[in-house]
Amino acid sequence: MNDGGGSGRIEAARMRQLLRTYLVIGSTNCCIEPLRVLEEALAGGVTLVQFREKGPGALTGAPLRELAVQLQGACRQRGVPFLVNDDVELALAIGADGVHVGQEDEAAVRVRARIGDRILGVSAHTLAEAEAAVRHGADYLGIGPIYPTASKADAKAPQGPGILRELRACGIALPLVGIGGITIESAGEIIRAGADGIAVISAITQAADVREAATRFVAGSIAESS
Ligand SMILES: Cc1ncc(COP(=O)(O)OP(=O)(O)O)c(N)n1
Ligand SMILES: Cc1ncsc1CCOP(=O)(O)O
Ligand SMILES: [Mg+2]
């Protein structure tokens with residue numbers, strides 16, 4: 001399953017649906033067992049999952065692969081696509097539904113050649129980066145950080161929702177997801193600014209009640225789209 005719904009690249013309309021409540025998760029983001037956090041978030045209705053194992057204490061080697069396979073299995077049980085951040089080798093090895101790469105990672109045009117029709121997400125911070133990613137075969141763009149974040153040590157300066165309005169005004173039509181410091185309270189503004197969804201790490205993974213937090217994001221997303 002890459003949830004393109006069969007052979008060929010995923011349709012933009014389907015990609016927009018998947019981006020509505022996009023969980024990004026790694027062991028360093030979780031206060032309890034990552035599988036338990038993911039299962040609670042899936043029960044709350046998250047629509048897409050990215051495995052992002054980065055930062056101090058991040059797993060490597062066999063333990064990293066084992067966690068990836070474990071989390072992917074939980075997503076498969078719920079029919080939610082599972083993407084891998086940065087590591088194209090790992091994504092291909094475990095049969096993930098796609099990858100997300102940034103401007104400092106393997107070039108999007110080469111990743112597209114390696115992954116075939118699987119989902120390809122690319123980070124963009126400027127119109128030029130967004131236009132290049134579109135040319136190079138991205139299925140969606142990750143835009144941010146929108147707000148300050150403690151989950152990415154090397155994050156660029158927060159841009160605010162205005163970057164989303166700018167990209168849309170300049171003709172970027174690809175599915176967009178906002179990321180960076182997004183909370184339940186700020187999610188609506190991200191959608192109104194032009195994003196198709198929101199990507200979240202800490203507001204879900206570090207919530208006192210993960211399922212409830214995910215549920216509130218999903219409910220907010222539905223309300224914004226109605
Ligand atoms: C959905 C989404 N958007 C942006 C990012 C950031 O990717 P990148 O710039 O490559 O930084 P790292 O996440 O690799 O530190 C993302 N991972 N997901
Ligand atoms: C991976 C990434 N890319 C830009 S900001 C960020 C971290 C988002 O984490 P949080 O939702 O906890 O701010
Ligand atoms: Mg990256």
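These numbers come from the heavy atoms of this one structure, side chains and all, not from hydrogens, waters or symmetry mates. Treat the numbers as computed from the prediction; the structure is a model and nothing was measured.
At least one side-chain heavy atom of Ile201 sits under 4.5 Å from a side-chain heavy atom of Arg52. Within the 4.5 Å cutoff, side-chain heavy atoms of Leu18 are placed close to those of Pro81. Side-chain contact between Gln103 and Val122: present, with at least one pair of heavy atoms (C-beta onward) separated by less than 4.5 Å. Side-chain contact check for Cys75 versus Leu38: some heavy-atom pair is nearer than 4.5 Å. Val99 places a side-chain heavy atom less than 4.5 Å from the side chain of Val111. Annotation: side chain of Leu23 is not in contact with side chain of Leu48 (no heavy-atom distance under 4.5 Å). Residues Val80 and Leu42 are in side-chain contact: their nearest non-hydrogen atoms beyond the backbone lie under 4.5 Å apart. For the pair Val200 and Val24, the minimum side-chain heavy-atom distance is 4.5 Å or more.
Not a single donor-acceptor pair under 3.5 Å links the side chain of Ser221 to the backbone N or O of Phe217. Using a distance-only test at 3.5 Å, with no hydrogens or angles considered, a donor-acceptor pair links the side chain of Thr47 to the main chain of Thr21. Between the Thr149 side chain and the Gly180 main chain, no donor and acceptor come within less than 3.5 Å of each other. Distance alone, capped at 3.5 Å, places no donor-acceptor pair between the Thr205 side chain and the Cys30 backbone. Judged by distance alone, with hydrogens and angles left aside, the side-chain atoms of Gln50 form no donor-acceptor pair with the main-chain N or O of Ile25 at under 3.5 Å. Arg216 contributes no side-chain N or O that, together with a main-chain N or O of Ala213, makes up a donor-acceptor pair within less than 3.5 Å.
Open room surrounds CZ on Arg36; 12 or fewer heavy atoms of other groups in view lie less than 6.0 Å from it. The local environment of CD in Glu104 is sparse, with at most 12 non-hydrogen atoms from other residues, nucleotides or ligands closer than 6.0 Å.
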side-chain contact (heavy atoms from CB on, under 4.5 Å) between Val177 and Ile143, intermediate numbers included: CA-CA 6 Å; Val177 65; Ile143 308 297; over 6 Å; no
Pair Leu141-Ile172, side-chain contact (heavy atoms from CB on, under 4.5 Å): steps then yes or no: CA-CA 10 Å; Leu141 303 180; Ile172 299 294; 4.1 Å; yes
Evaluation steps, salt bridge (charged side-chain N to carboxylate O under 4.0 Å, His left out), between Glu89 and Arg114: CA-CA 9 Å; Glu89 283 304 321; Arg114 294 178 66 191; 2.2 Å; yes
From CA spacing to verdict: side-chain contact (heavy atoms from CB on, under 4.5 Å), Leu127, Leu167: CA-CA 6 Å; Leu127 176 59; Leu167 293 174; 4.0 Å; yes
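In terms of hydrophobic clustering, with Ile, Leu, Val, Met, Phe, Trp and Tyr side chains grouped at heavy-atom distances under 4.5 Å, Val46 and Ile32 are assigned to a common cluster.
Atom CE of Met15 and atom CZ of Arg20 lie 12.0 Å apart (nearest 0.5 Å). Between the CD1 atom of Ile119 and the CZ atom of Arg14 there is a distance of 8.5 Å, given to the nearest 0.5 Å. In this structure, CD1 on Ile179 lies 7.0 Å from NE2 on His100, to the nearest 0.5 angstrom. We find the CZ-CD distance between Arg65 and Gln72 to be 10.0 Å, quoted to the nearest 0.5 Å. The line from NE2 of His136 to CZ of Arg110 is 14.0 Å long, rounded to the nearest 0.5 Å. Atom CG in Leu120 sits 8.0 Å away from atom OH in Tyr140 (nearest 0.5 Å).
Considering every non-hydrogen atom in both Gly197 and Ile190, the closest pair reads O-CG2, 4.2 Å. Between Ala74 and Leu35, the shortest heavy-atom distance links the atoms CB-CD1, 3.8 Å. When all heavy atoms are compared, the tightest approach of Gly55 to Thr28 is O-CG2, 4.4 Å. Between Ala41 and Ile204 the shortest heavy-atom distance is CB-CG2, 4.1 Å. Listed here is the closest heavy atom pair of Pro63 and Leu59: O-CD1, 3.7 Å. Between Cys31 and Gln206, the shortest heavy-atom distance links the atoms SG-CG, 4.2 Å.
A side-chain contact (heavy atoms from CB on, under 4.5 Å) with Ile198 holds for exactly one of Ile184, Thr183, Ile146, Ile182; it is Ile182.
With respect to the salt-bridge test (charged N to carboxylate O, under 4.0 angstrom), the residues Asp196 and Arg168 qualify. With respect to the salt-bridge test (charged N to carboxylate O, under 4.0 angstrom), the residues Arg211 and Asp209 do not qualify. Between Glu131 and Arg135 no salt bridge is recorded (no basic side-chain N to carboxylate O distance below 4.0 Å). Note on Arg112 versus Asp139: salt bridge recorded, some NZ/NE/NH1/NH2 to OD/OE distance being below 4.0 Å.
The aromatic rings of Phe82 and Phe51 sit parallel, their planes meeting at an angle under 30°, below the 60° perpendicular limit.
Ser27 and Glu53 are linked by a side-chain donor-acceptor pair at a separation below 3.5 angstrom, with hydrogens and angles left out of the test.
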